Structures are given as structure tokens and as C-alpha cells.
Amino acid sequence: MFYSEDIIEQVRTENDIVDVIGDYVKLQKKGSSYFGLCPFHNEKSPSFSVSPHKQMYYCFGCGEGGNVISFLMKYENYSFIEAMEVLADRAGIALPKMEYSKEAKKEKDLKTKIIEINTEAAKFFHYLLKSDRGRTAYNYLRNRQLSDETIVKFGLGYADRYGNHLYQYLRKKGYHDNELKETGLFTFDEAHGVSDKFWNRVMFPIMDANNRVIAFGGRVMGDAKPKYLNSPETKVFDKSRNLYGLNAARSSRKDYLLICEGYMDVISLHQAGFQNAVAALGTAFTSRHAALIKRYAKEVVLTFDSDEAGIKAALRAIPYLKDAGLAVKVLNMRPYKDPDEFIKALGREAYEDRIQNAVNYFIFQVDVEQKKYNLNDPQEKTAFHKKVAEMLLDFKDEIERDNYLESVCRTFQIPKEGLIKLVKKTGLTYVGREEKIKDTPRVMKNAKKEDTSVNAQRILLAYLLDKNKWFKKVAEVLSPEDFVDDFYRQVALLFWEQMEQTGEANPAQIMDYFEDEEEHKKVAELFVSPIRTKLGLEEQEKAINDAVIKIKKESLEKKAANVTDISELQNIVQEQKSLQKIHITLG
């Protein structure tokens, strides 16, 4: 723990978890909690819950859980200290200056060192591009109609033909192998030595939103495969958390971003004056990309390739963007394949016109669907109309659905009254669109797979949440020292202290004690458990008594194994005999 408990609690309590997570995930209130699509795994129905009362989040689908600090640690790949600094700044709290632990300082220094090495590599690649050895690469970029100004703006470079040229250069700069290994720029092989990952490629430095070089992309100049090669993920580079060109696009002063597929598309658009273009980094578009975009724009225009692969990519990206609360349009580049090709052929003004005439995402989806049917065949035409009716059911708000229905009818010449009736009929018969969040908590679902002693400790803590009367009765029989598992004993100590002082559990504060991500998830599992709502009082009473007896029995056995004093051992034996008499009445 690097900060005092008081300062951690102040930072946590002054950053409402609903507000913070709402910047990343579109949340809707349901009862006393908020729900949205989990940002940590792909899902179609929301199972990610955020509790304003408990100041916790938990996903019933994948089991991720924690408080506002652990959310930033998980989502942004921050260390505990980095998350504290961001949240403190957000709340206007001045953190005390502190000494980093040896481990934390090592982690922070390593990230700084990786970025430093990447920066040196980018300078080296750019130098080579302008040298005689990089003439072929330079001519390639110039033939792609990139100006010298654009080449410098994006820091483009060249990786030499030599297999370890960059490695030798950085070694002479004084960097060590244990540092170079962490950059992902090299392949270390016991038999063949060290070789550069990138060679004989045009190089694209990848920068984060703060203009720090975090990785590279390399493109061949011929027909070799793979055409593009990206850095592997490192301690400073996560493909799903970054967008190429965002460092420049974030200051474009536009309220929308152009989303492309590749580096050259972004560069061509920027050169043509569209400073708000970005692209995913050699990976499928994710909810994290959408959340990142939401910080800088309210609307996106998809400018993916017009071929089949580009259309599929757009269809995959749309749900993430829509669920993030962004307005989504799709630009038509036909007959050209991509933005780079379009601008070279028709120029900036024509592309601007296409942006202004970009279609709403839903109209695009319906248009793609329509192409699957032969509308001259009455049977297929009917099937298409049924599909449209089914698609319209995605809109839960009636006014929004009616607006889209009217637009679809106008665009695709579908009889309005007929489609209205079809939507209503489909709504009555269509089953299974929404997967219900399972009420059975993971704490119970995984019970049989775990040690029965540990499971008893988990179940008891889950039952006692905010039940002061129940807690008092259990506390007469058990103490935190009876919890034999180290982790749950520490949770019990904190929980007991809270219940005795205030009569109310504060799980988010309990999490402050732990820094490990897995421990945060285990605490969250305990305190979101809805098991009480599924059982009657008599069943709950039996479950609690079984857990108490199991915990006490294990505790006494552990004590007996370590006791040498005869009188103390006799006392333990008497307590073991009295276990049969334990019965806690909840009513």
C-alpha cells in the first residue's frame, strides 16, 4: 500500500463509479443498479452491473469485478499508482508526494524505458528513410503521393535489410538485452542470436494520445506476406486501447471522427485536410475502441474499404459504436476501394461530399441485408420484409423505432402500414432476443468445483452482507480468526470491523486493502451475490448454519494440529463436541 488508507478512501469516494464507468460504457438504470455491455468480454446482452450504493462493478458473464480504482487499472492497463493519480486529478485532489516501492518503481521505470527505446528506434528508422539505404522506401512513399511534410508529420521510416541493424544501433546506445526484450522489436533465439522483428519495410510509428511512441507497424513494398506487421503487445502497447492517428485527430476540433481500416488511409486523409481520421491497429474493432472514441467525439463516420471484407468489418464495428452512445454513419466510397484510392482519383471536395451524404448505420445494415434477397421473387421479398421487422425490434424506444421504420419504408419502398403490422406480430412471437442475466451468482455456480471449506467462507460472507441482525448472531459463534483461508480471513477482519462500527458493509473500501486484480474480483463476487433472493428464510437459515459449522470445525482442527498444551487441547475438544448444538435462528 503506497498511499494511506484515508487518501485512498478520499479518492475513491470522490469519484462516483457510475460517472467514471459511464465515460467508457453506456449504462442504463435498472432498479437500484446500472447495466451495460461488459467492456472486458464480448456479449450481446448486458450482464455488466454497476452499483452506486456499493460503489462496485461486477460482470455476471465473465466475473470481472471491483471498485472505481480497479476498473481503471483493468480497463486502461494502469498500475494502482497510475489509477490513483488519474482519479485524484479528476476529483481535484492533491496527492501527497510519495516514495515508490522497489517493485512499483521498477515497473514505472520499465514503461518509461520502453517508450524511450521506441523513440530512439523511430528516429533511427526515419534517419534510414532519408539515407541512401532508404531510397527505395522513400520513393515508394513518394509514389504513393505522400509529401515530405506528411512523411515528417507521421515520423515514417525504413527498417533496413540487415537482420539486426536496429539491435546493434540500440546496443551501442547503451540499452541492455533485458530492456530490449520488453519492446517487442526483436527476436531472441539461443541458436541464432538476436534479430530485428522488422526488416526491409516502411515503418509507421504508433503513438498514443499523448504523442508517445508505443509501438510500430511495418509494410512491405512488394508482394511479400504478411503485407503489414505490427509490434506485439507490450507493457505500453495494447491494440484494443489505442487508435492510429488519434494523437493528431484529438485536436482536430471536429465533433466526429473518420474511422478507417489502415495506416495509409489515415495518412492520406490527414494530408488531404481531414485531420480527424483514425484507424484500429491491425485488430478487430472492440468496445474499448468505441469507449476511447467517445472521449473525443459524439459521432463517427465509418470509411472502411468498400469490398466484402470492409463491409463485414463495418457491420462488426457498428454495435460497439452504437452501444457506446455514438451516432454512427457509413460513407460510400464506390467505385473506389478505400479513402486513399478515392482521394487520389476524385480529390478532397468529392470526399467531403461523400461525408455529408454518409448514411445512417441502420440504413446501411438494411441495405446490406437487402442484397441477400431477390426482390423480384415474392417469397424472398416477404422474407426480406420480415428480416427488417426483426431488425427494427432492436430499438426498445417506441418513438425511435417509429422514426427508423419510417426512414426504412421511404428508402426501400416498403409499405409502411404493412411493416408496422409485421413489427408488432414479430414482437409478439419473437423469443430469445434478450438473454436474461442469470440470477445464480458465480459464487454459487462454481461452488462444487472448489474446496468445501473455502466455499463455506465465501457463502457465509455473501449471506451476511448488510444483514446486521444476522451478522450479530453469527458473530456470537464465529470470529474472523476462524476463517482458515488467508484471503477470506482478511476480508472477514475488514468486514467484521465495518459491521461492528457502522452496521453496514462497505465492499468498495474493503477492495482498497487489496491491489491484486484477482483479489478484487473475488471480493466483488461476494458482495454482488443475489443468493438471498432465491431462497426462503428456512433454506437460508440452513445454508448459514452449515457454513458456520464447517468454518468452525476447520478452525478447531487447525488449532488442534498446532497445540501442545494438554489443557488447551481439552478445551478445543469440548468446543468440537459443542458444534452439534450450534443453531442460529434468523427470524
Side-chain angles (χ1 to χ4, degrees), residues 16-52 54-68 70-77 238-243 257 259 280 283-300 302 312-328 361-362 364-365 390-397 400-401 404 430 432-442 445 517 520-521 524-525 528 530:
D16 183 76
I17 194 167
V18 176
D19 292 339
V20 174
I21 293 183
D23 288 340
Y24 298 87
V25 180
K26 186 180 180 182
L27 298 172
Q28 289 186 325
K29 190 172 185 180
K30 292 183 180 179
S32 61
S33 297
Y34 291 78
F35 284 84
L37 295 176
C38 180
F40 304 122
H41 81 287
N42 293 330
E43 62 178 7
K44 294 182 179 179
S45 297
S47 60
F48 181 81
S49 68
V50 182
S51 169
K54 300 170 189 171
Q55 286 295 298
M56 291 173 47
Y57 71 90
Y58 184 76
C59 177
F60 290 91
C62 69
E64 289 291 344
N67 60 15
V68 69
S70 55
F71 178 84
L72 278 192
M73 289 173 65
K74 175 71 177 177
Y75 192 95
E76 295 285 9
N77 198 27
D238 183 334
K239 294 176 185 178
S240 68
R241 301 175 196 269
N242 292 279
L243 292 163
L257 290 179
I259 314 297
T283 185
F285 204 87
T286 68
S287 59
R288 293 185 181 182
H289 289 127
L292 180 61
I293 289 169
K294 189 185 175 186
R295 297 188 211 172
Y296 303 101
K298 299 177 182 177
E299 180 181 335
V300 297
L302 295 178
K312 287 181 178 179
L315 291 172
R316 285 194 298 268
I318 285 170
Y320 295 120
L321 294 162
K322 178 173 167 284
D323 289 331
L326 291 156
V328 186
Y361 79 91
F362 189 73
F364 169 77
Q365 289 175 319
E390 184 181 305
M391 292 169 71
L392 284 164
L393 288 173
D394 279 334
F395 299 102
K396 305 307 174 190
D397 183 86
E400 185 180 24
R401 188 193 310 132
Y404 275 95
Y430 189 68
R433 177 168 294 277
E434 291 189 353
E435 299 171 6
K436 293 182 180 178
I437 299 170
K438 290 181 171 56
D439 289 327
T440 305
R442 293 171 65 88
K445 192 174 5 180
E517 183 182 310
H520 276 211
K521 288 165 66 174
E525 282 181 336
V528 298

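Please read all numbers here as calculations on a predicted model, not as lab measurements. Along the sequence shown, residues carry numbers from 1.
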> Rounded to the nearest 0.5 Å, how far does CG of D23 lie from NZ of K294?
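Between K294 NZ and D23 CG, I get 6.5 Å after rounding to 0.5 Å.
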
> What orientation do F48 and F40 show, parallel under 30°, tilted 30 to 60°, or perpendicular over 60°?
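Taking F40 first and then F48, their aromatic rings stand perpendicular (interplane angle over 60°).
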
> Are the side chain of E299 and the backbone N or O of A327 linked by a donor-acceptor pair below 3.5 Å?
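Looks like no, no N/O pair under 3.5 Å.
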
> Does A290 have any side-chain contact (heavy atoms from CB on, under 4.5 Å) partners at least two apart in sequence or in another chain, and if so, which?
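side-chain contact (heavy atoms from CB on, under 4.5 Å) list for A290, sorted by chain: F285, Y320, L321, A324.
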
> What is the distance from atom CZ of R288 to atom CG of N242, rounded to the nearest 0.5 Å?
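One gets 11.5 Å once the value is rounded to the nearest 0.5 Å.
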
> Within the distance-only criterion (no hydrogens, no angle test), does the side chain of R401 pair as donor or acceptor with the backbone N or O of F395 below 3.5 angstrom?
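Yes; at least one donor-acceptor contact below 3.5 Å.
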
> Could you go through the side-chain contact (heavy atoms from CB on, under 4.5 Å) check for L315 and Q365 one step at a time?
CA-CA 7 Å; L315 291 172; Q365 289 175 319; 3.9 Å; yes

> Would you compute the distance between atom CE of M56 and atom OG of S70 and round it to the nearest 0.5 angstrom?
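The OG atom of S70 is 8.5 Å from CE of M56, to the nearest 0.5 Å.
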
> Would you give the length of the straight line joining atom CG of L72 to atom CD1 of I17, rounded to the nearest 0.5 angstrom?
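Rounded to the nearest 0.5 Å, the CG-CD1 separation comes out at 9.5 Å.
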
> Side chains of C38 and F60: closer than 4.5 Å at any heavy-atom pair?
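Result no, sub-4.5 Å side-chain heavy-atom pair not found.
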
> Determine, stepwise, if the pair I259 / I293 fulfils side-chain contact (heavy atoms from CB on, under 4.5 Å).
CA-CA 10 Å; I259 314 297; I293 289 169; 3.5 Å; yes

> Show the nearest heavy-atom pair for residues V328 and K322, with the distance to one decimal.
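The answer is CG2-N, 4.1 Å.
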
> Which pair of non-hydrogen atoms, one from V50 and one from P52, has the smallest distance, and what is that distance?
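Nearest heavy atoms, V50 then P52: O-CD, 3.4 Å.
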
> Rounded to the nearest 0.5 Å, what's the gap from CG on L292 to CG on L243? Could you check?
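Output value for this atom pair is 5.0 Å.
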
> How close do K30 and P46 get, counting heavy atoms only, and between which atoms?
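Looking at all heavy atoms of both residues, the shortest contact is NZ-CG, 4.3 Å.
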
> Main chain of G63, side chain of H41: is a donor-acceptor contact present, judged purely on distance under 3.5 Å?
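Such a contact is absent between H41 side chain and G63 backbone.
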
> Compare every heavy atom of G66 with every heavy atom of A524, then report the nearest pair and how far apart it is.
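In this case the closest contact between A524 and G66 is CB-N, 3.7 Å.
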
> In chain order, what residues pass the side-chain contact (heavy atoms from CB on, under 4.5 Å) check against K29, with sequence neighbours excluded?
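By the side-chain contact (heavy atoms from CB on, under 4.5 Å) rule, K29 matches Y34.
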
> Please find the pair of heavy atoms, one from F71 and one from P39, that lie closest to each other, and give the distance.
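Closest pair (atom of F71, atom of P39, distance): CE1-CG, 4.1 Å.
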
> Look at the aromatic rings of F362 and Y404 and report parallel, tilted or perpendicular, splitting at 30° and 60°.
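Rings of F362 and Y404: perpendicular, as their planes differ by over 60°.
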
> Roughly how far, to the nearest 0.5 Å, is CG of L37 from CG of L27?
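Spacing of CG (L27) from CG (L37) equals 10.0 Å.
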
> Under 3.5 Å, is there a donor-acceptor pair between the side chain of S33 and the main chain of S51?
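Side chain of S33 to backbone of S51: no pair is present.
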
